[in-house]
Amino acid sequence: MNEKYVKAVRRYHRNLTFALGVILLIFILIPLFVKSPYILNIFILVFYMSTLSMAWNLLGGMTGQNSLGHAAYMGLGAYVSCMLITKAHINPWLSALLCMVVVGLVAGVIFFPCFILRGPYFTLVSIAFGEALRQFIINSTFFGRASGIGLPFKKGNSFLDVRFTSKVPYYYIGFVMLILVYLFMKKIERSRMGYALRTIREDEDAAAAIGINPIRYKVMAVVVSAMVAALVGFFYASYTRYIDPELMVQAKSTESVLPAVVGGAAYVEGPLVGGLIMIPLSEFLRAKYSAILPGINMLLYAIALLAVIRFRPTGILGWYMGSKVKNFVDTVILKKPPVEWFEAVEQERSGRKEA
Amino acid sequence: MMEKTPIIEVQHITKRFKGLTAVKDVSFTIREGGITGMIGPNGAGKSTTFNMICGYYPPTEGKIFFRGQDITNKKAHEYTNMKIARTFQIMKPLKNLSVLENVVASCYFGHAAAKNNREARERAMEILQFTGLYEKRHVLSKDMGTPDQKRLEMARALATKPELLFLDENMAGLNPAETEDAIRLIREINASGVTIFLIEHIMKAVVSLCEEVIVLHHGEKIAEGTPEQVMNDPYVMEVYLGKKEAPHAQSN
Ligand SMILES: Nc1ncnc2c1ncn2[C@@H]1O[C@H](COP(=O)(O)OP(=O)(O)OP(=O)(O)O)[C@@H](O)[C@H]1O
Ligand SMILES: [Mg+2]
């Protein structure tokens, strides 16, 4: 009897690995067949915007703290890394690490006081933070004022300097960043921190009653989230080779929210699903209609957001989880055994470990 | 011989909400290892007293001691590390998480926090078996009825491995059979060495469980003693029941 469970569970894991492998392979192979820089650019955009949205989702989805300042963390990350590269001549990879540390610290110091008060203060301060930072940079000669700063253009490619003439290396770097951040978020979700954040989202009093310090965990979440956003900022700067304060406008922060909300903010995968759909759509609309009707993509973005919130507040994944499609995928394609079988196997394993 | 230090000693606590004095100069002790009950009519200040002891808010005046240590100003989140756990009268399930995840979350915290996901899940499974929620482990907690949500409150508190457990009307809304189950469960928890303090309206439960009962009325302690003594107290009979006859305690 137990043999049967073990076999079924193993087969399911094999099918799942295979399915994920195929998807991974498709993404790895795309640059070999797609040569258009325009299309590659859209993929790169999907990768880094979805990563930014995953950063947002750690706060907005898992912790229930709505941030509207993620463009600012990303922008600050981009600026810090550019300054380190151009003024201090630090290696770009190292600058990525340093800018994450700096932005994490800044976010921690700014938002710690907001969490002592309960309520919407965090959201308000996150908006104010972005705007204040933007104004500061526009007025600072050191940061290049409104005209921004560029990274040095040199001939040739250099992995060490994260400088490439083709879009293909950026495609792969962006893809690896997306996967790593996804795995990291997945790890958080199952960890003590993930349970703390979700408990806080559901009820702060209940969280405190089981021994969670809500302030401490909310600060942790904002620091980690801002660090990931800073990483995206570093990637963006290395890719576009030029940054300006427009990077931090409020609309950009909203753009980082959409993939998560449309995809399903309760799921770590939400930003991936939402990003894969919303970002190409937005780009397509921008390319097609922006000459005729400027801002049409933002308008449609807004409509999409309102529609999701009105009709599917749990997002695409929220719908999928209870749908026949999932049932079909699970039973017919992946051959997923009932959950009790997994538990039986799990129990068996832990029993053997103790013996 | 000197008597053992009580596990909890409450000294002259008062709680004022703006103009309203919800609890007025209340003192009592909780004996280690026993089951102590608190009764009183609606709005008597029971939950307020309970919330002060559990660090949900501090008393306006007075002091609270845990095994002789002053814990008056401890924060709510520090309690599970002192091996004290509580439930809420108005249940606070983690609505969008499954029953299992609700309990796993608790296993990750407190003085005996699980070190990894496997340990947390294993311990959660044990608690679910013990509290009779095992069959419902994959149900979202918001989709359960009151009796199961009450059980979940208890399961989440137990998952932090307390030595002192506070239960606020954990049997309200249960039918007689479910009440019997709950009584049995509480006895079992107590037998495993957990001191219990409970607020209850169901007299039958109080009489069959508690050795000590404290009666509150309009924020003041009006009586304490064995259930027997308390219920034969003429003042309790008068104000608590509003009529001059004993509560239906003997009806079990
Ligand atoms: N946070 C609060 N702010 C203001 N007043 C409060 C607050 N909490 C309780 N009260 C008031 O304090 C009084 C005592 O309330 P409490 O909840 O302690 O009563 P209780 O004995 O638990 O009643 P019940 O049996 O209905 O649960 C009530 O009049 C209530 O309205
Ligand atoms: Mg009450």
Side-chain angles (χ1 to χ4, degrees), chain A residues 61-64 115-116 118 186-219 264-267 270 313-315 317-318 321-322 338-354, chain B residues 51 54-57 75-88 90-98 100-122 124-125 134-135 137-138 141-142 152-153 156-162 166 168:
Chain A
M62 215 185 278
T63 321
F115 288 136
I116 295 176
R118 279 194 196 189
K186 210 60 195 164
K187 180 115 188 132
I188 288 184
E189 188 191 31
R190 300 195 65 199
S191 72
R192 171 175 300 148
M193 178 171 167
Y195 276 96
L197 299 184
R198 276 176 291 164
T199 306
I200 290 168
R201 174 189 74 195
E202 296 298 321
D203 194 308
E204 263 184 54
D205 293 331
I210 62 171
I212 297 167
N213 179 348
I215 297 173
R216 184 176 146 206
Y217 277 98
K218 282 195 268 184
V219 171
Y267 308 90
T314 51
L317 282 178
M321 288 301 167
V339 63
E340 288 78 17
W341 294 22
F342 286 95
E343 286 170 357
V345 172
E346 188 185 337
Q347 232 164 27
E348 169 106 342
R349 256 190 224 136
S350 64
R352 228 178 309 155
K353 236 168 237 168
E354 269 153 38
Chain B
N51 282 336
C54 293
Y56 188 68
Y57 35 58
K75 300 269 178 348
H77 64 80
E78 296 173 294
Y79 276 66
T80 52
N81 273 335
M82 303 189 291
K83 310 185 184 177
I84 304 175
R86 69 164 297 176
T87 65
F88 289 92
I90 298 162
M91 295 93 75
K92 292 180 182 290
L94 313 177
K95 294 200 186 78
N96 297 300
L97 302 187
S98 71
L100 175 62
E101 288 172 315
N102 264 268
V103 181
V104 168
S106 287
C107 290
Y108 265 122
F109 298 94
H111 68 100
K115 276 166 211 66
N116 53 45
N117 194 262
R118 194 173 57 86
E119 189 188 334
R121 281 173 63 91
E122 270 170 28
M125 289 291 193
Y134 186 77
E135 297 304 321
R137 64 197 179 283
H138 298 299
S141 62
K142 67 176 168 195
L152 181 58
E153 276 288 317
R156 285 186 19 231
L158 286 177
T160 64
K161 294 201 176 167
F166 286 83
D168 193 350

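A:Gly211 approaches B:Thr80 most closely through the heavy-atom pair CA-OG1, 3.1 Å. Contact record, B:Phe109 with A:Ala196: CZ-CB, 3.6 Å, taken as the closest heavy-atom pair. Taking every heavy atom of both residues into account, B:Lys92 and A:Asp205 meet most closely at NZ-OD2, 3.6 Å.
Residue contact with chain A, scored on non-hydrogen atoms closer than 4.5 Å, involves the side chain of B:Phe88 exclusively. With a 4.5 angstrom heavy-atom cutoff, B:His111 does not touch chain A via any of its atoms. Using a 4.5 Å cut-off between heavy atoms, B:Ala114 contacts chain A through its backbone alone, with no side-chain atom that close. Heavy atoms closer than 4.5 Å to chain A are found in both the backbone and the side chain of B:Ser106. Proximity to chain B (any heavy atom under 4.5 Å) is shown, for A:Ala266, by neither the backbone nor the side chain.
Between A:Tyr195 and B:Tyr108, the ring-plane angle classifies as tilted under the 30° and 60° cut-offs.
Rounded to the nearest 0.5 Å, atoms CD (B:Glu101) and CZ (A:Arg190) are 10.5 Å apart. With rounding to the nearest 0.5 angstrom, the CZ atom of A:Arg192 is 11.0 Å from the CG atom of B:Asn117. With values rounded to the nearest 0.5 angstrom, B:Cys107 atom SG is found 9.0 Å from A:Ile210 atom CD1. Interatomic distance, CG of A:Asp203 versus CE of B:Met91, reported as 12.5 Å (0.5 Å rounding).
Of the listed residues (B:Asn81, B:Asn96, B:Asn102, B:Leu97), the greatest number of heavy-atom pairs within a distance under 4.5 Å of chain A belongs to B:Asn96. When each of B:Glu153, B:Arg121, B:Arg156, B:Lys115 is scored by its heavy-atom pairs under 4.5 Å with chain A, the top score falls to B:Arg121.
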- List the steps, then state whether side chain to side chain contact (heavy atoms under 4.5 Å, CB included) holds for A:Arg216 with B:His77. CA-CA 11 Å; A:Arg216 184 176 146 206; B:His77 64 80; over 6 Å; no
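Within a 6.0 Å sphere centred on NZ of B:Lys75, heavy atoms belonging to other residues, nucleotides or ligands number 12 at most.
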